[in-house]
Asks: 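Input: one structure, supplied below.
In what follows, chains carry the letters A, B, and so on, assigned in the order in which the sequence lines appear, proteins first and then strands, with residues in each chain numbered from 1.
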2 protein chains.
Amino acid sequence: MSDGDRTRTSYHHGALRRALLDGARDLLAERGAAAFSLSELARRVGVSTAAPYRHFTDKDALLDALAEEGYMAFHAGLEAAARAAAGPGDRIVRLGVVYLRFAEETPALFEIMFRDRPGRPSGPATFELLVTAVGQAQDAGALRSGQPPVVLARTIWALLHGLAILVGQGGFGKLGIDEPRERLVAESMAAFLRVRPEV
Amino acid sequence: MSDGDRTRTSYHHGALRRALLDGARDLLAERGAAAFSLSELARRVGVSTAAPYRHFTDKDALLDALAEEGYMAFHAGLEAAARAAAGPGDRIVRLGVVYLRFAEETPALFEIMFRDRPGRPSGPATFELLVTAVGQAQDAGALRSGQPPVVLARTIWALLHGLAILVGQGGFGKLGIDEPRERLVAESMAAFLRVRPEV
DNA sequence: AGGGCGATGTTAGAGTCGTCAACATGTCCG
DNA sequence: CGGACATGTTGACGACTCTAACATCGCCCT
């Protein structure tokens with residue numbers, strides 16, 4: 001058999017690093033970021049509690065690696081949405097929807113990604129994507145102009161981030177707010193949009 | 001001596017609950033929310049590690065109580081800012097500045113307050129405050145109208161929350177964004193404001 | 001006044017977790 | 001084929017949360 005299998009051939013696992021990251025994603029989703037335990041992860045994957053330290057210096061290092069993968073998926077999702085958009089105005093809304101959906105579907109991963117860890121490299125690339133989309137939408141007259149793309153993009157980013165968090169952790173549910181994502185995004189960005197997309 | 005002192009008169013402390021909450025605020029600010037330890041808190045206050053359980057069922061219960069106090073201070077700060085405002089338009093900006101400042105000055109407390117805990121009562125009252133201010137500003141022509149106050153207030157809340165988090169944890173520092181709060185808030189809310197406040 | 005009782009402390013300990021050191025085992029290269 | 005290096009395991013340490021059993025204090029009640 002090939003040694004990428006889940007059943008360790010014997011003493012050595014063969015692909016422990018990958019198995020740990022995959023298992024961590026699941027465990028994180030089940031338990032939440034706060035209750036995530038490295039010991040439990042090791043138990044699940046079927047190795048000793050010391051084994052992960054051969055691949056990650058730290059619990060935080062593992063979480064950082066997971067966040068990094070999350071960033072890639074996030075970025076890819078945004079890029080796909082940008083490509084699939086009908087036009088510059090539609091693109092902005094679609095990016096927002098993807099942003100919200102990501103935070104909603106994998107809240108714990110989202111939390112890990114944006115937690116305060118010094119030296120996190122990613123982010124700027126994704127921000128650039130938004131800046132570009134904003135610039136295009138401004139040129140096309142679909143988005144409010146008068147501010148440089150960077151400023152407007154930063155505002156939209158903050159708005160989406162706030163929405164993501166408040167929606168994601170039910171902060172809005174208590175306020176009696178509950179509507180489909182597209183509508184929520186479009187309504188929230190109404191002040192920026194020149195043409196209202198059909199919702 | 002009165003028995004509200006910091007030096008326990010003898011066996012009993014006298015005002016342990018208060019001392020724990022006060023100590024927790026400091027410890028939280030020093031260590032951050034993730035590294036906050038109930039044992040260390042007990043050590044600092046000068047009692048055994050089991051003592052806090054006479055006043056709080058749980059570590060989370062203590063943190064919740066602290067968050068509750070935080071909410072009150074937050075709410076009071078917003079109310080004071082609302083009162084001190086020159087007019088409806090200025091009021092909105094001031095509320096935003098207070099929001100940001102609070103998140104920036106006590107980031108760990110802010111994190112505790114908005115973490116996902118079911119059954120957190122507060123929040124709606126504070127949200128109402130914002131809704132009212134938005135409604136007034138709309139009536140005065142200082143704020144974009146066309147949407148019900150609740151919708152616009154929700155959007156502004158999300159925007160502020162996103163800004164608070166991104167600014168607070170340096171997510172913007174990496175992107176080369178660094179400006180005074182008033183300017184940041186005014187710039188971010190430019191799309192909602194009918195008249196630009198002097199910054 | 002005295003006695004008891006509830007509130008509020010303490011000590012001791014169980015169970016979990018993160019992490020490390022020392023040892024075992026498998027792989028692969030010279 | 002033999003040894004070095006990567007990757008596992010065992011065992012242990014210290015810190016943490018939380019509980020149970022015991023100690024002490026203040027206060028109320030007759």
Asks: Would you mind reading off the distance between A:Arg54 atom CZ and D:dC5 atom P, rounded to a whole angstrom?
Replies: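 Checked: the CZ to P distance equals 14 Å.
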Asks: So if I take residues 24-31 of chain B and measure heavy-atom distances to DNA chain C, which residues fall below 4.0 Å?
Replies: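 The answer is none.
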Asks: Does B:Gly141 offer a backbone N or O that forms a donor-acceptor pair with the side chain of B:Ser145 under 3.5 Å?
Replies: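 Here the side-chain-to-backbone pair does not exist.
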Asks: End-to-end bend of the helix from C:dA1-D:dT30 to C:dG30-D:dC1 (five-pair axes, 10° rounding)?
Replies: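 Both end axes considered, the difference amounts to 10°.
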Asks: My understanding is that only residues two or more places apart in sequence, or in another chain, count here; which of them pass side chain to side chain donor-acceptor pair (under 3.5 Å) with A:Thr126?
Replies: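 Checked A:Thr126 against side chain to side chain donor-acceptor pair (under 3.5 Å); matches are A:His75.
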Asks: Rounded to the nearest 0.5 Å, what separates atom OH in A:Tyr99 from atom CH2 in A:Trp157?
Replies: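 Rounded to the nearest 0.5 Å, the OH-CH2 separation comes out at 4.5 Å.
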Asks: Would you give the length of the straight line joining atom CD1 of B:Ile92 to atom CZ of B:Phe192, rounded to the nearest 0.5 angstrom?
Replies: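 Spacing of CD1 (B:Ile92) from CZ (B:Phe192) equals 10.5 Å.
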Asks: Ignoring backbone atoms, test whether B:His55 places a side-chain nitrogen or oxygen under 4.0 Å from the OP1 or OP2 oxygen of C:dG9.
Replies: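 Yes, such a contact exists.
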Asks: Expressed in angstrom and rounded to an integer, what is the separation of B:Leu63 atom CG from D:dT17 atom P?
Replies: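 Those two atoms, CG and P, are 10 Å apart.
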Asks: Can you tell me if A:Thr57 uses its side chain to pair, donor with acceptor, with the backbone of A:Tyr53 under 3.5 Å?
Replies: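 Side chain of A:Thr57 to backbone of A:Tyr53, a donor-acceptor pair under 3.5 Å: no, none is there.
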Asks: Excluding sequence neighbours, so at least two apart, what forms side chain to side chain donor-acceptor pair (under 3.5 Å) with B:Glu104?
Replies: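 Scan of B:Glu104 (side chain to side chain donor-acceptor pair (under 3.5 Å), adjacent residues dropped) gives B:Arg181.
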Asks: Dump the intermediate steps for salt bridge (charged side-chain N to carboxylate O under 4.0 Å, His left out) on B:Arg115 and A:Glu111, then the final yes or no.
Replies: CA-CA 10 Å; B:Arg115 96 199 136 130; A:Glu111 184 180 345; over 6 Å; no
Asks: Along nucleotides 13-19 of chain C, 5' to 3', which nucleotides get a B, which get an S, and which get a -, given that the test is a protein heavy-atom distance under 4.0 Å?
Replies: ----SSB
Asks: A:Leu20 CG to D:dT7 C1': how many Å, rounded?
Replies: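 That distance rounds to 12 Å.
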Asks: Mind listing the closest non-hydrogen atom pair of B:Gly70 and B:Phe102 along with its distance?
Replies: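 Reported closest heavy-atom pair: O-CZ, 3.8 Å.
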Asks: Show me the side-chain donor-acceptor pairs of residues 18-32 of chain B shorter than 3.5 Å, one per line, residues at least two apart or across chains.
Replies:
| unit_1 | atom_1 | unit_2 | atom_2 | d |
| --- | --- | --- | --- | --- |
| B:Arg18 | NE | B:Asp22 | OD1 | 3.4 |
| B:Arg18 | NH1 | B:Glu69 | OE2 | 3.0 |
| B:Arg18 | NH2 | B:Asp22 | OD1 | 2.9 |
| B:Arg18 | NH2 | B:Glu69 | OE1 | 3.3 |
| B:Arg18 | NH2 | B:Glu69 | OE2 | 3.4 |
| B:Arg25 | NH2 | B:Glu69 | OE1 | 3.3 |
| B:Glu30 | OE1 | B:Arg44 | NH2 | 2.8 |
| B:Glu30 | OE2 | B:Arg44 | NH1 | 3.0 |
| B:Arg31 | NE | B:Glu40 | OE1 | 3.1 |
| B:Arg31 | NE | B:Glu40 | OE2 | 3.3 |
| B:Arg31 | NH2 | B:Glu40 | OE2 | 2.6 |

Asks: Nearest 0.5 angstrom please: B:Leu143 CG to B:Arg194 CZ, how far?
Replies: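 Reported value, rounded in 0.5 Å steps: 8.5 Å.
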